[in-house]
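Here the structure is a predicted model, which means the values were calculated and not measured. Below, chain A is the first sequence line, B the second, and so on; all start at residue 1.
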Number of protein chains: 2
Amino acid sequence: MKEKPYHHGNLRNELIEAGIELINEVGLRDFSLRKVATKCNVSHAAPYSHFKNIDELVGAMGEHVTERFMDKLRASIRGREDSREAVSLLGQAYIEFFMEHPAFALFRKTAYRMFRRMGQPESGDSQRLIALWSMVHGIASLLTNPGVRYSGDWREVFIKRLEAKEREV
Amino acid sequence: MKEKPYHHGNLRNELIEAGIELINEVGLRDFSLRKVATKCNVSHAAPYSHFKNIDELVGAMGEHVTERFMDKLRASIRGREDSREAVSLLGQAYIEFFMEHPAFALFRKTAYRMFRRMGQPESGDSQRLIALWSMVHGIASLLTNPGVRYSGDWREVFIKRLEAKEREV
DNA sequence: GTAACAATCTTTACAGTGTAAAGATTTGCG
DNA sequence: CGCAAATCTTTACACTGTAAAGATTGTTAC
C-alpha cells in the first residue's frame, strides 16, 4: 500500500481541471471551493496555497478554458485556412465547444472576439461573417439552454441553414 | 413609545422594495435573504411566509422592476406616440433606467423585448429601429459598467449619434 | 550532512449563508 | 367566543469562504 504523500505535486493544475469538471456537472450555483478541494483529495484550505481566493481560481479556470477553445478552433481549420469550407468548420467547432462546456456561456463574449478574428482571413466580406456569427451564436445558445435537448444531428441543421444564408447574398 | 406590532402588515411588498435597494447598493454577490429581512426589521426566517425560497424573491423583484421600467418607457413618450421624437425619448429613458438600477443588467433581455415592441408603432422601418437599439444597448452597457464613469452629459452624446445614424440611412 | 528557510498542506476556528421545523402571536371567520 | 389560518420568532443544521496556526516536505547555504 502506497501512502498518500503530504505534498500533492500538481495541485494547482488539478484544481483548475477539477474545477472545470465540477462547474459543468453541477452548474455555477452549486460550485464551491471546498468541493473542488475534496475532488482532489485535499483539505478544504489547501487551494489557498495557490489562489488568493475563489475568484482567482475561477479566473484561472476561465483562462484555461479559452486556451482549449482556441486550440479547438485552430485545429478545426488546420490546412484549409483560406478555403470556403473554413468558416463552416469554425462554426461547427464553436457550437460543439459550448455543448461540451455548457457552464462556460459566461465566457462567450471573449470567445466571440476570437471567433471573429479567426474567421476573417482577408478583410472585406464582413457582412457575411457577421450574419454567420449571429446564426452560430443563436444555435449555440439554443443547444446549450438547460432543458433543451435536440435528439437529431445539429450539424445537419447548421449546414442547411448556412447554405441558405449563402444563397441570400 | 409605540410597540412594534408582531405582524408587519405589508411585509411582502417591503421585502421586494428593500431587496431592490439592497441589490443596487451592494451588488449581486453580497445580496442575501437575511440582509433583506434585517432591512425590514424582521427575523431572518420571516420571508419564508411569503416566498418559497430566495429565487422566488428575486423573481418577484425582477417583475416589479420591469413593471417600473415599462412605466418609465410609457411616460417618456406620453402624448407623442407617433412622433419622430418618440424613438429618441425611448432610448434616453432606456439608458437612464439602467443607470439608476445598474444591478438589473440581468433583466436587460426582457427589457429589450419591451423596448422593441414599444418603439414599433407601425410596422416597417425596422431596419432603423434595430440600428437604434444596438446603439442604445451599447451606450447603456458602457455607462453602467462598474468602474466607468462619464463626467459629461451622456444625453448630448446620445442625440449626436442618433442624428448621425439618421443621416446614414 | 545539516541547519535554516520556503513552499505546501492540515487543523481549527469563525462569521455568514439558505432553509427546515417547531413554537408564539395575531387576525379573521364560523 | 372559539377555533383555524396566517404571519412572525426561535432554534437548529449543514454548508460556505477564508483567516490563522501548526505539521510536513523540498530546497538551498554552509
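Here the shortest heavy-atom pairing between A:H64 and A:I20 reads ND1-CD1, 3.5 Å.
When rounded to the nearest whole Å, the span between CZ of A:R29 and C1' of C:dT17 equals 12 Å. Here the C1' atom of nucleotide D:dA6 and the CZ atom of B:R12 are 14 Å apart, to the nearest Å. To the nearest angstrom, P of D:dT7 lies 12 Å from CG of B:N10. Regarding B:N41, its CG atom lies at a distance of 16 Å from the C1' atom of D:dT7, rounded to whole Å. Atom P of nucleotide D:dG17 and atom CD of A:E56 are separated by 15 Å, given to the nearest angstrom. For A:N53 and D:dG17, the CG to P distance is 11 Å, given to the nearest whole Å. Atom CZ in B:F51 sits roughly 16 Å away from atom P in D:dA6 (whole-Å rounding). One atom, CD1 of A:I54, and another, P of D:dT18, lie 6 Å apart when rounded to the nearest Å.
Mapping A:R34 and A:H50 onto DNA chain C by nearest heavy atom places A:H50 at the nucleotide closer to the 5' end. Remark on DNA chain D: of its neighbouring residues B:A46 and A:F31, the 5'-side contact belongs to B:A46, judged by nearest-heavy-atom nucleotide.
Two residues are said to be in side-chain contact when any heavy atoms from C-beta on lie closer than 4.5 Å; B:E17 and B:K39 fail this criterion. A 4.5 Å side-chain heavy-atom check between A:K35 and A:D30 finds at least one atom pair inside the cut-off.
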*Assign a letter to each nucleotide of nucleotides 20-30 of chain C from its 5' end: B, base within under 4.0 Å of a protein heavy atom; S, sugar-phosphate only; -, no contact.*
---BBBB----
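Within 4.0 Å of B:S43, counting heavy atoms only, lies at least one base atom of the nucleic acid. Here A:S49 lies in heavy-atom contact (under 4.0 Å) with a base.
We find the CD1-OG distance between A:I159 and A:S88 to be 5.0 Å, quoted to the nearest 0.5 Å. Note that OG1 of A:T66 is 8.0 Å distant from CZ of A:F97, once rounded to the nearest 0.5 Å.
By the 30° and 60° cut-offs, the orientation of the rings of B:F69 relative to B:Y94 is perpendicular.
Although no hydrogens or angles enter the test, the distance criterion places no donor-acceptor pair under 3.5 Å between the side chain of A:E14 and the main chain of A:N10.
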